[in-house]
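So the structure is just underneath, and the comments pick up after that.
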Number of protein chains: 2
Amino acid sequence: MQPRLKEIAKALGVSTATVSNVLSGKGRVSDETRKLVSEKIREVGYRPGGPGRALRTGRSGVLGLVLPDISNPLFPALAQAIETAAERSGQGILIADSHADPGAQAEALQRMIQRGADGIIIVPCRGTQVSDLPLPAVVIDSASTPGNCVCSDHQRGGQQAVEHLLDLGHRKFALLGQSRRSSVQSDRIAGMQAALAAGAHAETFWLEDGTPDFAELARRGTTAIIATSDLHALTALTRLQDAGLSVPGDVSVIGFDDLSFSARITPGLTTLAQNMPEIAAKAVAHLSLQLESAPLPMARLVPMELVVRGSTGPAPDFPPRKKPSPQQGDVTT
Amino acid sequence: MQPRLKEIAKALGVSTATVSNVLSGKGRVSDETRKLVSEKIREVGYRPGGPGRALRTGRSGVLGLVLPDISNPLFPALAQAIETAAERSGQGILIADSHADPGAQAEALQRMIQRGADGIIIVPCRGTQVSDLPLPAVVIDSASTPGNCVCSDHQRGGQQAVEHLLDLGHRKFALLGQSRRSSVQSDRIAGMQAALAAGAHAETFWLEDGTPDFAELARRGTTAIIATSDLHALTALTRLQDAGLSVPGDVSVIGFDDLSFSARITPGLTTLAQNMPEIAAKAVAHLSLQLESAPLPMARLVPMELVVRGSTGPAPDFPPRKKPSPQQGDVTT
DNA sequence: CTGTTAGCGCCTTCAG
DNA sequence: CTGAAGGCGCTAACAG
């Protein structure tokens with residue numbers, strides 16, 4: 001049995017309130033009894049239990065995290081960042097998967113409320129609007145999603161990707177998305193299109209319509225592929241390599257999100273990373289403010305960071321600036 | 001404000017006990033009042049609040065999940081499976097990351113207890129032994145980990161990988177692990193070594209000692225690489241492709257865990273998948289039994305499943321059985 | 001400055 | 001068959 005407040009109090013012959021006061025440091029307690037009590041607390045390893053405290057204070061110290069798909073490979077970084085940020089402020093994370101289903105999402109939210117979550121961080125499923133929650137909530141999604149929102153600046157990220165490649169002399173792009181209905185992907189592609197300089201050309205492909213023939217694209221003059229996810233960039237990269245083309249010698253490839261594998265493949269995948277710790281910290285902080293009904297800071301965009309690895313290089317016919325050559329990584333031969 | 005039991009009772013002129021009885025279906029209530037009460041409950045969307053119930057019953061309906069590293073790419077599948085299994089039995093999941101640190105892990109466990117978790121599912125960090133928890137616990141790790149345990153049959157998985165490649169005529173293997181101290185990886189490699197037939201030869205590499213030169217290995221006659229994780233298999237595969245070698249034409253590659261990218265690269269990665277739904281279901285069921293202090297079923301091994309994709313094929317000099325040739329995926333040329 | 005008291009929301013005896 | 005009462009563990013407001 002876990003030790004209880006009452007037992008500590010009884011063992012020391014003081015009242016439970018005194019022990020509680022020592023714990024919280026609030027009520028006035030004489031130094032003597034304080035020392036005595038803290039000693040006992042440490043001795044028996046007492047920790048105030050959540051449920052009792054939650055009942056009394058209306059605060060559980062737990063935040064709900066609702067995601068559309070835990071198995072999405074981007075999730076680990078986000079969940080880890082949020083867990084870390086929450087832990088830092090002494091809060092736990094109750095997790096739920098809405099399976100990209102609005103009904104299940106609503107149900108998950110209800111359960112979070114029922115379980116006493118103090119606030120909710122939600123990555124909503126497509127086409128869903130979170131509203132009328134009796135709880136503070138933060139939405140993490142694209143900037144075009146209504147509601148309180150913290151997210152990466154996906155559009156600017158798209159621009160950064162294009163600018164990087166323009167600098168390397170690329171003029172003919174293939175833009176690669178999965179689904180038009182994803183506002184994150186749409187934002188990224190919109191940013192890319194906005195950044196296209198005069199003379200540059202880009203064709204957009206959606207994988208939901210089928211996978212383009214990357215080798216054929218290269219043959220027709222495309223020298224750079226920008227995918228809205230590292231997952232799709234990886235698909236393109238391995239298909240090109242399998243067809244005997246060189247990356248980045250023949251075609252440069254760039255992705256998004258810096259997934260776990262991106263640094264470990266050959267060549268390393270150039271990508272736009274989300275600053276998850278920052279997003280998580282902002283989300284948790286935003287929630288904390290709402291909990292204290294403080295004035296709400298507006299939605300914040302977090303910049304994405306360009307991570308340059310080996311998969312992007314100068315366009316094939318572009319005069320190199322610094323590097324002597326695309327430097328194909330041949331070994332010992 | 002959420003509706004409370006008391007308010008429902010008052011609104012209907014009955015006592016709180018009656019409402020509670022209707023909710024639980026336990027105490028005897030007349031059909032008439034029962035219908036009246038259930039109606040009202042549905043009308044106002046009442047759900048019994050967690051904290052009050054937890055305090056009274058000693059059950060929170062929440063399970064703790066403690067992981068050594070949420071950002072591990074294997075985690076999403078596991079977390080999702082556990083969340084789904086727990087949800088099915090009406091339980092929530094409180095998540096924590098021990099950051100592979102025994103101290104943090106102990107602290108995380110304490111917090112789960114404090115927050116009122118009914119039980120704990122833990123993937124312990126290396127060299128850690130979970131003990132003396134005042135709570136039911138299930139350990140998910142390799143079979144060589146002491147304590148209650150549900151896990152994949154990693155050793156048998158290693159055998160399956162080798163057998164698959166032996167069938168294809170391979171005789172010279174490279175075995176690839178990350179760290180000797182990981183018991184999951186050690187089990188897998190042990191299984192591989194046990195399955196080696198007479199005449200077959202294998203060399204083992206640990207990435208913690210440095211990355212081997214895969215192209216050089218191929219040149220020296222290795223025709224099959226078995227990695228203990230798809231992540232490392234991917235590293236090998238892209239390095240080989242980058243060096244102009246064909247997979248599986250020159251070298252076959254096989255991995256473990258069927259990570260998100262494994263099906264989406266070219267060639268698709270042959271791998272041994274863990275049956276996460278099964279593991280999760282067993283873990284949750286095991287916990288539920290412990291909660292009812294029922295007789296404990298012993299630790300269970302869950303078989304791994306061989307998923308054959310394009311990265312494995314007949315050994316180069318092996319007489320093909322069905323396929324006419326390794327079939328290099330050249331396009332339209 | 002300290003200790004007693006009341007009650008957070010719920011469920012479970014026990015009387016009515 | 002239903003209602004009243006007590007208490008789970010804790011803390012905030014009060015009395016001593």
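Lettering of chains follows the sequences in order, A, B, ..., and the numbering in each one begins at 1.
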**Prompt:** Taking 4.0 angstrom as the limit, do A:E292 and A:R59 come out as a salt bridge?
**Reply:** no
**Message:** So B:L63 and B:D118, do their side chains get closer than 4.5 Å, heavy atoms only?
**Reply:** yes
**Message:** Quick check for you: among C:dG3, C:dC10, D:dA4, whose closest atom lies nearest to any side-chain atom of B:P48?
**Reply:** C:dC10
**Prompt:** Mapping A:L23 and A:K6 onto DNA chain D by nearest heavy atom, which one lands closer to the 5' end?
**Reply:** A:K6
**Item:** Nearest-angstrom distance from the residue atom NZ of A:K10 to P of C:dT4
**Value:** 14 Å
**Asked** Could you give the CG-to-C1' distance, from A:N21 to D:dC14, as a whole number of Å?
**Response** 12 Å
**Asked** Expressed in angstrom and rounded to an integer, what is the separation of A:L55 atom CG from D:dC8 atom P?
**Response** 13 Å
**Whole-Å distance separating the CD atom of B:Q114 from the C1' atom of D:dC10** = 12 Å
**Complete:** Residue pair B:T33/B:T57 against DNA chain D: nearer the 5' end by closest nucleotide is B:T33
**Asked** Would you call A:R126 and A:S182 a side-chain contact if the rule is heavy atoms closer than 4.5 Å?
**Response** yes
**Item:** N/O (side chain, B:S30) to phosphate O (OP1/OP2, D:dT2) under 4.0 Å
**Value:** yes
**Asked** Ion pair present between B:E83 and A:R111, side-chain N to carboxylate O less than 4.0 angstrom?
**Response** no
**Message:** Check this one for me: any side-chain N or O of B:R53 less than 4.0 Å away from OP1 or OP2 of C:dG9?
**Reply:** no
**Message:** Base, sugar-phosphate or nothing for A:G116? Non-hydrogen atoms, less than 4.0 Å.
**Reply:** nothing
**Prompt:** What nucleotide among D:dG3, C:dC10, C:dG3 has an atom nearest to a side-chain atom of A:S15?
**Reply:** C:dG3
**Prompt:** Taking atom C1' of D:dT11 as reference, at what distance in whole Å does atom CZ of A:R47 sit?
**Reply:** 19 Å
**Item:** Given D:dC1, C:dT12, C:dA6, the nucleotide with the shortest approach to the side chain of A:R56
**Value:** C:dA6
**Message:** For a quick test of reading the model: is some side-chain N or O of B:Y46 closer than 4.0 Å to OP1 or OP2 of C:dC10?
**Reply:** yes
**Complete:** Rounded to whole Å, the CG-P distance (A:L5 to D:dG7) equals 17 Å
**Prompt:** Separation of B:E32 atom CD from D:dC1 atom P, in whole Å?
**Reply:** 12 Å
**Item:** Exceeds 12 heavy-atom contacts within 6.0 angstrom, atom CD of B:Q110
**Value:** yes
**Message:** Heavy atoms only, 4.0 Å cut-off, all strands: where does A:S20 land among base, sugar-phosphate and nothing?
**Reply:** base
**Request:** Output the single nucleotide from C:dC11, C:dG9, D:dA4 whose closest atom is nearest the side chain of B:A17.
**Result:** D:dA4
**Request:** Using atom CZ of A:R115 as one end and atom P of C:dC10 as the other, report the distance to the nearest whole Å.
**Result:** 15 Å
